[in-house]
Number of protein chains: 2
Amino acid sequence: MANKRTKQSDALRAAQMYYLQDQTMDAIARELRTSRSTVSRLLSAARETGLVQIQVKTPADRAPELERAIRKRYQVEVHVVPVSDTLDEMDVLDRVSMQAARTITPLVDSNAVIGVAWGSTLSAVSRHLTRKTTHGTTIVQLNGAGNTQTTGITYASEIIRRFGSAYGAKVEQFPVPAFFDHAETKRLMWEERSVRRILDLQERMTIAIFGVGSMNADVPSHVYAGGYLDSTDLDELEASGVAGDVATVFFRDDGSDTGIVLNDRSSGPSLDSLRRVRRRICVVSGAKKIKGLRGALAAGLATDLILDEGTARELVEADAHSSDPIFGFLNSLDGL
Amino acid sequence: MANKRTKQSDALRAAQMYYLQDQTMDAIARELRTSRSTVSRLLSAARETGLVQIQVKTPADRAPELERAIRKRYQVEVHVVPVSDTLDEMDVLDRVSMQAARTITPLVDSNAVIGVAWGSTLSAVSRHLTRKTTHGTTIVQLNGAGNTQTTGITYASEIIRRFGSAYGAKVEQFPVPAFFDHAETKRLMWEERSVRRILDLQERMTIAIFGVGSMNADVPSHVYAGGYLDSTDLDELEASGVAGDVATVFFRDDGSDTGIVLNDRSSGPSLDSLRRVRRRICVVSGAKKIKGLRGALAAGLATDLILDEGTARELVEADAHSSDPIFGFLNSLDGL
DNA sequence: AGCCTTTCTGCACGTTTGTGCAAACAGGTT
DNA sequence: AACCTGTTTGCACAAACGTGCAGAAAGGCT
């Protein structure tokens, strides 16, 4: 009858005693015949591996005004992340991504096919994922990340790997460049069976997770500055009135995307196919993304929106600010 | 723009920062411009009012052996509450009831009709309920508690009141004696419209929560000792081979209840009508209840069982003895 | 307004918890 | 057996936390 005491089972026991029976770690340690520090570590492990799940749920009827306003105006499930407005951009990203990670986890269930984009936001989110055991889940990369000169974007694969290991899922990379040089090359590649496999997976996505890029006059974000596009491309984007992008697919302020030729060379999923995904989670941190965010919302790209309080506030307030000098200032801070 | 800072909204904010963003209470206090102790209290309140929900979920495939054995043998969803075997009876009850309360809460949702029995176990459970906001929920008392001489059982109403306030539910008391002196009186009362209302509610229960009474030679439980039954009744129970009861309705070892005349005078729901309830949660603490528990399981009264480790062990072991020794051996292995 | 009752707040203190570090241990290799 | 390497454990200390208490603030009532 001697129960084999695995670390797992001890962690479970400890978690039950701590979270369900309100015992102190000390008491648990005595019962488990080990030291208190070990119990502390067991509990960390239990949380880390998803044995313990903590969620904060807003009773909807008494959600803060901001959330209600956004939910009503844009028809999205919204989570406003409270942050003090004195925090710097990095800290905000950190907090938003942490809360995003914890908000996403309960939405993931077995046999999900999760599409994940890349970028500084997603990278941050991936770093804060809490584990959850699922079966038959697949993580699929939404758009290519290929680009010769920048090294920092090795994390495209790193990001989806982290998602994979958090959910015990199979990961499918998308080994193509973010943008092809020639639309024709893309068209041909899209016929390749290796690529088709990924595209088919993308068609079967049940969840998509992405940030937004914002096309700002002065300081364009990652994609716009990272060497993916040359100045001709940038001029063209500007000429087409592009507001931002999701997974390297561009759109305008009003959500339209017709006639943006660069999209023909982009490896990301068309807005239409993205819109077919059941659950589309958009994570945004920092008010400088607001232009892109508005476009994305106008395009109906998101079903769920997670963003920081400051940006949320900007979003509901009048567009009057869009040419405010303070904007230029914020933008010039541009992290990562 | 001045956000009215209610206590609720502060608690929500604090909870998000603490549980979702891993901030320390100190940091939260600074952001909220209050003292750390207030934050500590806000967080307690947030937990207390169900704003924060913590659950420990066993991945089923790696549930402890005991749980698997019971689940397999009796076809019930089982939660074994880990307790050191050196604890005294009161402590065990405390822990089991605490964990039971936290296990039950997530099962409750809006518009549920919850039947609740009474007794020392249920009393303990009711004292540890964590709040959860629901709508249209009703708590209905399963069986009468009337009895002139004992005072302690004022808690029959106290118990369901606590359930009610935990879920913001309407409570329906059942103001009849636990046992009628004459079956005929009960029959007539059961026609009264005031009583019918309760009985109808009981028919519509979606969840029932109860302990078990056990008919032991040496230590009869509450109902058997509390002055509800006289010695004639007790003799009769013994003669009928009664093993125990649920909500003052009796049954034998094998789960049968035909021919137990006392049931005709009992105010509790018939076993048949109990079995019609979707979710039937049985809470058991202490090995001396095992006789009654076995009967209840044989009768198929429970869909969910919450019990302490010691009793769980007895349940699988002693059961092994009762049939074949080799069976017992097999049972103890019982992998997956 | 004045008084009383109730709730809320911050402080101070003791308790509980996280974590760097060094020793103990486990597993593999020569 | 001796050695190396990577993990686990308990200790000790610092950080984080809960709570009784006394004063402050907020209602209620005359």
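Proteins get letters first, then strands, A, B, ... in listed order; numbering begins at 1 in each.
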Check: Between A:Ile28 (CD1) and C:dT17 (C1'), how many Å, whole number?
Finding: 12 Å

Notebook entry, point to check: Nearest-Å distance, CG (A:Leu42) to P (D:dG10)?
Noted result: 10 Å

Checklist line | Electrostatic pair B:Glu89:B:Lys288 at N-O distance under 4.0 angstrom | finding: yes

Checklist line | Presence of A:Thr38 side-chain N/O under 4.0 Å of D:dG10 phosphate oxygens OP1/OP2 | finding: yes

Note to self: If I take atom NZ in residue A:Lys7 and atom C1' in nucleotide C:dA26, what distance separates them, rounded to the nearest angstrom?
What the structure shows: 15 Å

Protein N or O to nucleotides 17-24 of chain D N or O, pairs below 3.5 Å:
unit_1 : atom_1 : unit_2  : atom_2 : d
D:dC17 : OP1    : B:Tyr18 : OH     : 2.8
D:dC17 : OP2    : B:Met25 : N      : 2.8
D:dG18 : OP2    : B:Ser40 : OG     : 2.8
D:dG18 : O6     : B:Arg36 : NH2    : 2.9

Note to self: Please find the pair of heavy atoms, one from B:Arg102 and one from A:Tyr19, that lie closest to each other, and give the distance.
What the structure shows: NH1-O, 2.7 Å

Check: Expressed in angstrom and rounded to an integer, what is the separation of B:Asp10 atom CG from C:dT9 atom C1'?
Finding: 13 Å

Margin query: Between P on D:dA16 and CE on B:Met17, what's the gap in Å once rounded to a whole number?
Written below: 16 Å

Item checked: Salt-bridge criterion met for B:Arg95 and B:Asp308 (N-O under 4.0 Å) -> no

Next item on the list: Write down the atom of B:Ala69, the atom of B:Val316, and the distance for their closest heavy-atom approach.
Entry: CB-CG1, 3.9 Å

Margin query: Any carboxylate oxygen within less than 4.0 angstrom of a Lys/Arg side-chain nitrogen, looking at B:Arg127 and B:Glu158?
Written below: no

Note to self: Is any side-chain heavy atom of A:Val284 closer than 4.5 Å to one of A:Thr121?
What the structure shows: no

Check: Taking only N and O in the side chain of B:Ser35, is any of them less than 4.0 Å away from OP1 or OP2 of C:dC11?
Finding: no

